[in-house]
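Below: one structure, written as structure tokens.
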Amino acid sequence: MLHRKLYQICQDKLEICLFLRDQGRWLEQVRILDIEGDVVTVRYTTDDEDEIASWEEIIRIDNIGSVTRKLSTLSKRHDSAMLIAEDCPESER
């Protein structure tokens, strides 16, 4: 099941976050480049104080513990009211 979901994310070119079980860490803003057998090739960037680095990593599917995807964001500094579509159901406003 995870293999199929990862393949779908790869095809849709979505940006995700991955939790690596063996290393106990999260990879943020990850793009899946390729899936071959039980191996996933991903690309992501890290931003340290002195440098920004781009990484390409090969990960075994069984080492992936969790996959998350950010659905939306809204800046806290935004002064005006949130725009709501006219056809938005009342329960979701």
Side-chain angles (χ1 to χ4, degrees):
M1 175 93 153
L2 179 60
H3 191 278
R4 284 184 286 169
K5 285 293 188 183
L6 290 174
Y7 182 76
Q8 182 180 4
I9 291 168
C10 179
Q11 293 302 309
D12 295 343
K13 299 183 183 348
L14 298 174
E15 198 168 84
I16 59 171
C17 297
L18 292 176
F19 180 74
L20 303 179
R21 279 191 238 179
D22 62 336
Q23 299 175 18
R25 67 181 176 120
W26 281 94
L27 299 179
E28 297 181 2
Q29 298 177 332
V30 175
R31 294 246 185 223
I32 298 176
L33 302 178
D34 189 33
I35 300 174
E36 197 169 319
D38 66 340
V39 175
V40 179
T41 305
V42 299
R43 180 173 292 154
Y44 62 97
T45 59
T46 57
D47 188 1
D48 293 331
E49 292 178 15
D50 298 339
E51 64 185 14
I52 296 174
S54 182
W55 299 88
E56 193 168 295
E57 198 165 329
I58 298 170
I59 303 167
R60 293 180 56 93
I61 288 179
D62 60 344
N63 284 340
I64 297 174
S66 182
V67 178
T68 62
R69 183 169 59 113
K70 187 183 292 186
L71 299 177
S72 64
T73 58
L74 180 63
S75 174
K76 291 181 180 180
R77 297 180 195 162
H78 196 24
D79 293 333
S80 64
M82 185 184 315
L83 300 175
I84 300 173
E86 291 178 15
D87 60 344
C88 181
E90 185 67 35
S91 63
E92 294 180 12
R93 292 180 187 206

In the single-linkage hydrophobic clustering (I, L, V, M, F, W, Y; side-chain heavy atoms under 4.5 Å), do [X] and [Y] co-cluster?
X   : Y   : result
V42 : W55 : yes
F19 : I16 : no
L14 : L2  : yes
L20 : V39 : no

Notebook entry, point to check: Which distance, rounded to the nearest 0.5 Å, do you find between the CZ of R4 and the CD1 of I35?
Noted result: 12.5 Å

Next item on the list: Enter the distance from H3:NE2 to D62:CG here, rounded to the nearest 0.5 Å.
Entry: 11.5 Å

Margin query: So which atom in L27 and which in E57 form the shortest heavy-atom distance, rounded to 0.1 Å?
Written below: CD1-OE1, 4.4 Å

Item checked: Within-4.5 Å side-chain heavy-atom neighbours: L18 and Y44 -> no

Check: Are side-chain heavy atoms of V30 and V67 found at a separation under 4.5 Å?
Finding: no

Item checked: side chain to side chain donor-acceptor pair (under 3.5 Å): pairs with one or both residues in residues 28-42, sequence neighbours excluded -> D38-R60

Check: With R69, which residues qualify under salt bridge (Lys or Arg N to Asp or Glu O under 4.0 Å), at least two apart?
Finding: none

Check: Is the number of heavy atoms from other residues, nucleotides or ligands within 6.0 Å of CH2 (W26) greater than 12?
Finding: yes

Notebook entry, point to check: With sequence neighbours excluded, what pairs up with Y7 under the ring-ring contact (aromatic ring centres under 6.0 Å, His included) test?
Noted result: none

